Amino acid sequence: MEQPGVAAAAASYQPAAPARHACVYTSCYCEENVWKLCEYIRSYDQYPLEEFYAVFISNERRMIPLWKQQSGCGDEPVVWDYHVILLHVSSGDQNFIYDLDTVLPFPCPFDTYIEEAFKSDDILLPRFRRKIRLIRADLYLKTFASDRSHMKDASGHWQKPPPFYPCIETADSKMNLDDFISMNPKVGWGSVFLLPDFVDRYGRQS
């Protein structure tokens, strides 16, 4: 059940993105969907870009359960190799999550998303426990690159249709997605957290 404080925060919050149906979205390309959200927020300039973070969720085995996903079945979780969402560290007393693949509200109060989509690592076998790589949105826009090769099978056919726009690349790289999915803090950009530490840091301090 949603706490009154969470509901009030959601009611007074001005979303940083268009309605879900108006966002640039391609199924199974969550890392690019979040990149496009960051790009929109930078161009629209409603909030400072430094308040936003790309959030990569994975672990060493690349098996992470998430609940309340559109591709889920009833109350069963979907087990992804990784998933990417956007975090807004708001100036109010509740932060917000943007996940274009959830059945939860878009955006969703942080505490609601944690409770409904993540639940708790305590109920999971150790191999399914989630880790988080957090990358500031401006850094994500500058550094992320994907040639989408991870979405092709051994014969070179697309496993899922790619986005309509060109591949995202930087001057230094055409493909570095693995560095973002990796939960090795010595690799890539941003900071790596255990899920409980991430929740403690960005959840509402009651």
Side-chain angles (χ1 to χ4, degrees), residues 1-11 13 20 27-31 33-34 37 51-137 140 150 177-206:
M1 186 173 148
E2 196 165 72
Q3 298 162 350
V6 174
Y13 178 70
R20 193 193 307 255
S27 177
C28 297
Y29 290 82
C30 54
E31 65 282 353
N33 296 334
V34 167
L37 279 174
E51 292 181 2
F52 294 85
Y53 294 84
V55 179
F56 276 74
I57 309 150
S58 194
N59 58 24
E60 283 73 11
R61 289 171 176 263
R62 295 199 181 183
M63 290 192 305
I64 51 117
L66 283 179
W67 282 261
K68 302 290 185 181
Q69 295 283 289
Q70 289 174 16
S71 55
C73 233
D75 291 331
E76 293 298 309
V78 177
V79 179
W80 298 116
D81 50 350
Y82 68 95
H83 188 47
V84 191
I85 57 179
L86 185 72
L87 166 67
H88 183 197
V89 180
S90 155
S91 55
D93 58 357
Q94 179 72 221
N95 296 321
F96 284 83
I97 294 286
Y98 292 76
D99 179 1
L100 284 160
D101 293 291
T102 189
V103 297
L104 294 168
F106 179 83
C108 183
F110 184 92
D111 291 357
T112 303
Y113 189 90
I114 295 301
E115 188 176 322
E116 298 280 337
F118 279 114
K119 298 191 184 287
S120 169
D121 269 355
D122 295 341
I123 64 172
L124 300 177
L125 293 168
R127 67 176 176 270
F128 291 113
R129 288 179 182 161
R130 285 74 50 102
K131 290 186 175 179
I132 303 290
R133 180 181 290 272
L134 201 65
I135 310 105
R136 231 176 47 203
Y140 190 50
H150 66 297
L177 175 60
D178 277 347
D179 289 347
F180 289 91
I181 300 171
S182 168
M183 291 297 142
N184 177 353
K186 296 177 180 171
V187 170
W189 296 266
S191 306
V192 174
F193 296 88
L194 299 172
L195 179 62
D197 296 338
F198 173 70
V199 173
D200 286 348
R201 183 161 182 166
Y202 294 103
R204 194 164 185 231
Q205 307 305 315
S206 51

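Values in this document were obtained by computation on a predicted structure and should not be read as measured data.
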Trainee: If I take atom OH from residue Tyr53 and atom CD1 from residue Ile97, how far apart are they, to the nearest 0.5 angstrom?
Mentor: 12.5 Å
Trainee: Starting at CG of Leu87, measure out to CD of Glu51 and round the result to the nearest 0.5 Å.
Mentor: 10.5 Å
Trainee: Counting N and O atoms only, with roles assigned by atom type, does the side chain of Asp81 sit under 3.5 Å from a partner on the main chain of Met63, one being a donor and the other an acceptor?
Mentor: no
Trainee: Taking distance alone, no hydrogens or angles, what donor-acceptor pairs closer than 3.5 Å link side-chain atoms of residues 100-110 to residues at least two apart or in another chain?
Mentor:
unit_1 : atom_1 : unit_2 : atom_2 : d
Asp101 : OD1    : Tyr25  : OH     : 2.5
Thr102 : OG1    : Lys68  : O      : 2.8
Thr102 : OG1    : Leu104 : N      : 3.1

Trainee: Nearest 0.5 Å, please: how far is CG in Asp179 from CG in Asn184?
Mentor: 9.5 Å
Trainee: I need the full list of ring-ring contact (aromatic ring centres under 6.0 Å, His included) pairs touching residues 55-79, with sequence neighbours left out, sorted by first then second residue.
Mentor: Phe56-Tyr140, Phe56-Phe180
Trainee: Could you tell me whether Arg62 atom CZ has more than 12 heavy atoms of other residues or ligands within 6.0 Å of it?
Mentor: yes
Trainee: Kindly compute the distance separating CD (Glu31) from NE2 (His150), expressed to the nearest 0.5 Å.
Mentor: 4.5 Å
Trainee: Hey, can you pull the donor-acceptor pairs under 3.5 Å for the side chains in residues 188-196, sequence neighbours left out?
Mentor:
none

Trainee: Can you check whether Ala10's main-chain N or O pairs, donor with acceptor, with Gln94's side chain at less than 3.5 Å?
Mentor: no
Trainee: Over all heavy atoms of both residues, which pair between Leu124 and Arg129 is shortest? Give the atoms and the distance, please.
Mentor: O-NH2, 3.2 Å
Trainee: Indicate the atoms forming the closest heavy-atom contact of Asp111 with Gly203, along with that distance.
Mentor: OD1-CA, 3.4 Å
Trainee: Would you say that Arg130 contacts Pro65 through its side chain, given a criterion of any heavy-atom pair below 4.5 Å between the two side chains?
Mentor: yes
Trainee: If you count every heavy atom of other residues, nucleotides or ligands that lies below 6.0 Å from Arg136 atom CZ, does the total exceed 12?
Mentor: no
Trainee: So how far is it from Phe118 CZ to Ile123 CD1, rounded to the nearest 0.5 Å?
Mentor: 12.5 Å
Trainee: Kindly indicate whether the side chain of Leu66, heavy atoms from C-beta on, has any atom under 4.5 Å from the side chain of Pro77.
Mentor: no
Trainee: Using the six-membered ring wherever Trp is involved, compare the ring planes of Phe198 and Tyr202 and label them parallel, tilted or perpendicular (cut-offs 30° and 60°).
Mentor: tilted
Trainee: What heavy-atom pair brings Ile57 and Met183 nearest, and what distance separates the two atoms?
Mentor: C-CE, 4.3 Å
Trainee: Please report the interatomic distance CG(Leu86) to SG(Cys30), rounded to the nearest 0.5 Å.
Mentor: 12.0 Å
Trainee: Say whether, by atom type as modelled, one donor and one acceptor occur between the side chain of Asn59 and the main chain of Arg127 under 3.5 angstrom.
Mentor: yes
